[in-house]
Amino acid sequence: MLTLAAQLEEIITQAMERSLGLQGGEALLTVTKDEKHGDYQCNAAMGLAKKLQQNPRQIAQKLQEAVLTLERERLEKGEGALIADCQIAGPGFINLTLTPAALRRGVELIASQQHLDRPQKVIVDYSCPNIAKQMHVGHLRSTIIGDAICRLLGYLGHEVQRDNHVGDWGTQFGLLCAWIMDRGSGSVADSDLSDLEALYRQSQALAQEDERFRERARARVVALHQGDPATLAVWRQIVDKSLDHIYQVYAQLGVLLTREDVVGESFYNPLLPQVVADLEERFPQGNRPMEVVENQGAMCIFMYDPQGEPLFKTPEGGPLPFIIRKSDGAYLYATTDLACLRRRTQDLRAQWVIYTTDARQSLHFRMLFTSAAMAGWTEGVKLEHVPFGSVLGEDNKPLKTRSGENVHLADLLAEAIKLARQNVQVEGRDFSAEEIEAIAQAVGIGAIKYADLSQNRLSDYVFSFEKMLAMEGNTAPYLLYAYARIRSILRKAGQEEFTGVELPLDDPAERRLVLQLARFNETLLQVVDGWRLNLLCDYLYRLSGLFMKFYENCTVLNAQPEQVRRARLALCAQTARVLKLGLGLLGIKTVERM
Ligand code: ARG
């Protein structure tokens, strides 16, 4: 992806080569904290000074000279001015100020099609609720984060395959099938899902007190896993019903997942014996760095470092097994994930696989990735676990309802939309009922998504309708309002296409806004590097703030002469476009009026 920062980095690297004879030096470029010091700063001189045993300021001077020479050469070659100023400050910081032409080009780069060096096939494993239960807030983060990841990857030109690895094969189905089949109806067609959930609770309670029912439930799991037609038929109905419910929530949430993206745990069931057999055969006891051995009847993978020390240890310090078959013959979450990862890399030829689950599964994924790598299934494949923290209630404990149950996602979304609708109506404006509905949806759902994405991903966060629906601060309503406000300016101007109009840079507020726009692409690259989605939120929040300042300082609709008016309107249009684009990448819909 083309960015101004990358161009600057390249020039600095060249300058290092020329003035210091250094190959492939790193520019260590950052955005300056104080705009008095220019737009970007290069922090490389201090490190180089140590390495080359020279004075950092002298190094900075050599680099400065070379940078200015390179800039002159660019101009001679007709490549367009990039650096307007290059100054040395402090112990050896090199401060760089961009030219107006460069700033404007930076904005044009946003729409440039040359986004990628190498499109990759990426599988994104996200949402993945355990079905037969209602979706709850714990699945919210995976769904929202994973969806934003898919949108970003798609925007960057990658080939994205969404994969909803739903839990459709666990022991809960034994209970449910046993309960339903005991009652002889053999059909769940008449019960809606809340019934199904009640059934699950009842069957769980019964299992607690009735040893014989427990037995029947266990037998049902075995029957299911062995493909008994009657049990499978009941199971299929439960799964379909649950998926109907889950996909209603997805529709409400406005995420990309479709029914075709479901490849549940059950899909891998037929593959599991072979996966275990293969591993067992190829990695016998004593093999290093990985061995597959039976331990108290269970089939376990043990992994070792080059010194022969176990890579994963129990709290007591013993080797920690990655268990792939229990002593009763049952397969586990780990087995399914191994089969699944093998399919994704070997059959589907993914080059990059991303898993979005809560941080408590981090160890599972480290063991999965390491064992799959040792098995030779992941050569050249990038594997990423993208963990996240928990959603907490106002009491700082995992979010629950008053009665202590998991909060249902459907209820939560409905509540957000209801509150957003109240906020809109209070304004008492001339909105049609339809418009109010669209605004309430966009604001309510947008608020939930944005509150999640704007956090540091790894932190737990407190779920607060009040905070996420606030019109001020780093919230979706604030950003959506900024967008709607710009759209209303453009409607008043009666124009929104400004092709060929140069963005204005005379007023400092204009320059700040253009510079922020020009940083869009590099922000995306930072976001993708480690999936720091909050950086995109921060970017958009800052962009909106800079727009508000610009609009306070600079007359737009009544600006004179016409040329200035057009330039400022063009800046409004460009800001709106980037806001919509950025929010869209986060999965947040904008509205034209608010
Ligand atoms: N169903 C699992 C859960 O709710 C998440 C699955 C994540 N994906 C995977 N391939 N393990 O915890």
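Atoms within each ligand, like the ligands themselves, are counted from 1 in listed order.
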I want to know if ligand 1 touches Y355 in the polar sense, i.e. an N/O pair below 3.5 angstrom. no
If hydrogens are left out, which of T356, V166, T336, N130 has an atom nearest to atom 1 (N) of ligand 1, that is, the closest non-hydrogen atom? N130
Side chain, backbone, both or neither: the part of Y126 lying under 4.0 Å from ligand 1 by heavy atom: neither
For K400, I'd like to know if atom NZ has over 12 heavy atoms of other residues, nucleotides or ligands within 6.0 Å. yes
Got an N/O contact under 3.5 Å between Y333 and ligand 1? yes
Stacked cation flag R288 on Y304, 6.0 angstrom / 45 deg: yes
Could an N or O of ligand 1 be found under 3.5 Å from any N or O of T357, whether backbone or side chain? no
Contact (N/O only, under 3.5 Å) between D337 and ligand 1: yes
Does Y268 have its ring centroid less than 6.0 Å away from the ring centroid of H165? yes
Whether D358 and R360 form a salt bridge (side-chain N of Lys/Arg under 4.0 Å from carboxylate O of Asp/Glu) is what I want to check. yes
Atoms in ligand 1 with a heavy atom of F365 nearer than 4.0 Å: 11 (N)
Among L338, T370, V276, V293, which one satisfies side-chain contact (heavy atoms from CB on, under 4.5 Å) with I301? L338
Heteroatom proximity flag, H364 to ligand 1, N/O under 3.5 Å: no
Would you mind checking which non-hydrogen protein atom is closest to atom 8 (N) of ligand 1, with the distance to 0.1 Å? D125 OD1, 2.9 Å
Atom CD of E405: over 12 foreign heavy atoms under 6.0 Å: yes
Could you tell me, atom by atom, which parts of ligand 1 come under 4.0 Å of a heavy atom of Q361? 3 (C), 12 (O)
Within 45° cone of Y247 ring axis and under 6.0 Å: R259 NZ or CZ: yes
Does the N or O separation between C128 and ligand 1 drop below 3.5 Å for any pair? yes
In terms of side-chain geometry, is the basic nitrogen of R236 or D240 positioned less than 4.0 Å from the acidic oxygen of its partner? yes
